[in-house]
Each structure stands twice: as structure tokens, then as C-alpha cells.
Amino acid sequence: MTSTAPPLGHVLESVLYTEDMARAQQFFETVMGLESFRRDERFTSYPTGNTMLLLFQKGQTDDNVVLPDDMGTIPPHDGSGRTHLAFAIEAESLPAWETHLTAHGVEIEGRTHWPGGSDSIYFRDPDGHLLELATPGLWPNY
């Protein structure tokens, strides 16, 4: 028997796990310019275009979370190790981002010029996750 999956939309949430929530919030708010939507002791959420970036405090997602007002539950989840996340930026803002990151003492570890004309720069957040800023032309949908 074959089955065709129903269509998917875009990725709605991306998650990074942090050892130090206050330090991660400081980085993503000061360096990356994000404004939190919700936060508590275990997570912080940031709108990023049509997706949400979620930061979770390591060790705080190991148990089933029962939400108030009969909203339901969130099963346990966790992640470890350094991960990768890319943010879409306009091509003309790349030089300003390079200047901004340097002014905040953030080392740019890599640069790539992709065959489709896109450029990427790579750097790390305080937990060692590899972050990328990519200009249009990297993927067929961007």
C-alpha cells in the first residue's frame, strides 16, 4: 500500500538548548536584536519572521509538562551538543551584520559564497551553537 503525505507548511519552531538562560537571552536580545514573546524559568520564545526560535534551559524539558486550563501536555524532549541554525537576511545587510557582530566581540568563523549567489557568515552563540546569516539564493525556496 502506498500513501501520499498531506502537504507540509514551513518549519514553525526551531529549538536551541542552553546551559545559562540569562546569558543566552542577553546574546539573542542584544547581539541578534530579537524581542522575546514569552519567557519563564524553562524557556524563552522569539519571533523570527514566520518561525519561532525557542530557547530551552537544559534539563528543564526532561519531564512531561501539563499545561494549565486543560490545554494539554507537552511530551519530554531534549537535545545535546552543538547544533546549527541559519537566519535569512537581505544581501545588503550583510556588511552591517559583520560590523555589528565584530562590535559585540563575536568572531566570524567562516564565510561561504554559494553557487546560487548567496553569501553566508558563521559564528557561535554562548553555548557553542553554530549560527549562520544567509542571503537570498542559498536554497530553491530562499
Side-chain angles (χ1 to χ4, degrees), residues 1-68 71-142:
M1 176 168 35
T2 61
S3 173
T4 301
L8 286 174
H10 61 274
V11 173
L12 181 61
E13 299 171 344
S14 293
V15 175
L16 296 176
Y17 294 87
T18 182
E19 294 283 348
D20 184 331
M21 184 62 75
R23 180 185 69 188
Q25 290 167 336
Q26 175 72 18
F27 177 84
F28 282 97
E29 292 168 17
T30 301
V31 176
M32 301 305 295
L34 299 177
E35 292 184 29
S36 70
F37 175 69
R38 284 201 181 106
R39 64 173 69 204
D40 63 24
E41 65 281 348
R42 57 182 268 305
F43 95 107
T44 304
S45 63
Y46 297 101
T48 58
N50 62 356
T51 65
M52 294 296 288
L53 171 60
L54 306 180
L55 301 179
F56 283 99
Q57 179 69 44
K58 284 186 180 178
Q60 295 294 307
T61 59
D62 295 337
D63 297 317
N64 200 40
V65 174
V66 178
L67 299 170
M71 290 190 326
T73 60
I74 301 173
H77 55 89
D78 195 20
S80 63
R82 298 183 301 180
T83 60
H84 169 67
L85 186 67
F87 293 94
I89 63 168
E90 296 301 322
E92 57 272 6
S93 70
L94 186 60
W97 268 108
E98 291 175 294
T99 300
H100 178 74
L101 292 169
T102 300
H104 283 277
V106 177
E107 177 187 356
I108 297 171
E109 293 185 20
R111 299 170 195 278
T112 305
H113 182 71
W114 298 102
S118 176
D119 289 297
S120 293
I121 58 172
Y122 299 89
F123 55 97
R124 298 202 184 265
D125 78 354
D127 285 284
H129 299 298
L130 182 64
L131 304 181
E132 176 183 0
L133 299 177
T135 64
L138 179 60
W139 297 110
N141 60 346
Y142 178 67

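Only this structure's heavy atoms are used, side chains among them; waters, hydrogens and symmetry mates stay out.
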Interatomic spacing from [atom1] in [X] to [atom2] in [Y] - rounded to 0.5 Å:
X      : Y      : atom1 : atom2 : value
Thr61  : Leu54  : OG1   : CG    : 11.0 Å
Leu94  : Leu133 : CG    : CG    : 7.5 Å
Thr48  : Leu85  : OG1   : CG    : 7.5 Å
Arg124 : Leu130 : CZ    : CG    : 4.5 Å
Leu101 : Glu107 : CG    : CD    : 11.0 Å
Asp119 : Thr112 : CG    : OG1   : 8.5 Å

Query raised in the report: Is His10 close to Thr51 at the side-chain level, that is, under 4.5 Å between some pair of heavy atoms?
Result: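 Of all side-chain heavy-atom pairs linking His10 with Thr51, at least one is under 4.5 Å.
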
Query raised in the report: Got a sec, which residues hit side chain to side chain donor-acceptor pair (under 3.5 Å) with Glu132, two or more places apart in sequence or on another chain?
Result: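 Here the qualifying residues are His84, Ser120, Tyr122.
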
Requested in this report: Name all residues meeting the side chain to side chain donor-acceptor pair (under 3.5 Å) criterion together with Glu19; count only those two or more places apart in sequence or in a different chain, and write none if there are none.
Outcome: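 Per chain and number, Glu19 pairs via side chain to side chain donor-acceptor pair (under 3.5 Å) with Lys58.
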
Show the nearest heavy-atom pair for residues [X] and [Y], with the distance to one decimal.
X      : Y      : value
Arg82  : Gly128 : CD-O, 3.0 Å
Ile89  : Ser93  : CB-OG, 3.7 Å
Tyr142 : Ala134 : OH-O, 3.2 Å
Trp97  : Val31  : CZ3-O, 3.6 Å
Phe28  : Leu16  : CZ-CD1, 3.7 Å

Requested in this report: Give the ring-plane orientation class for Phe27 versus Phe123, where under 30° counts as parallel, over 60° as perpendicular and anything between as tilted.
Outcome: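 Tilted: the ring planes of Phe27 and Phe123 meet at 30° to 60°.
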
**Report entry** Side-chain donor or acceptor of Ser118 paired with backbone N/O of Thr135 under 3.5 Å
**Finding:**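 Yes; at least one donor-acceptor contact below 3.5 Å.
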
Query raised in the report: Distance-only, no hydrogens or angles: does the His104 side chain make a donor-acceptor pair with backbone N or O of Met32 under 3.5 Å?
Result: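 Pair absent, no side-chain N/O of His104 close to backbone of Met32.
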
Query raised in the report: Given Thr18 and Asp125, is the side-chain contact (heavy atoms from CB on, under 4.5 Å) satisfied, shown in steps?
Result: CA-CA 10 Å; Thr18 182; Asp125 78 354; over 6 Å; no

Report task. Answer yes or no: are there more than 12 heavy-atom neighbours, outside Asp63 itself, under 6.0 Å from its atom CG? Result ->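 Open: at most 12 neighbouring heavy atoms sit under 6.0 Å from CG of Asp63.
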
Query raised in the report: Is the number of heavy atoms from other residues, nucleotides or ligands under 6.0 Å of Arg42 CZ greater than 12?
Result: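 Atom CZ in Arg42 is crowded, with more than 12 foreign heavy atoms closer than 6.0 Å.
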
**Report entry** Pairs meeting criterion side chain to side chain donor-acceptor pair (under 3.5 Å) with involvement of residues 21-33, two or more places apart
**Finding:**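 Pairs touching residues 21-33 that pass the test: Arg23-Asp127, Gln25-Arg39, Gln25-Thr44, Gln26-Thr30, Glu29-Arg39, Glu29-Tyr46.
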
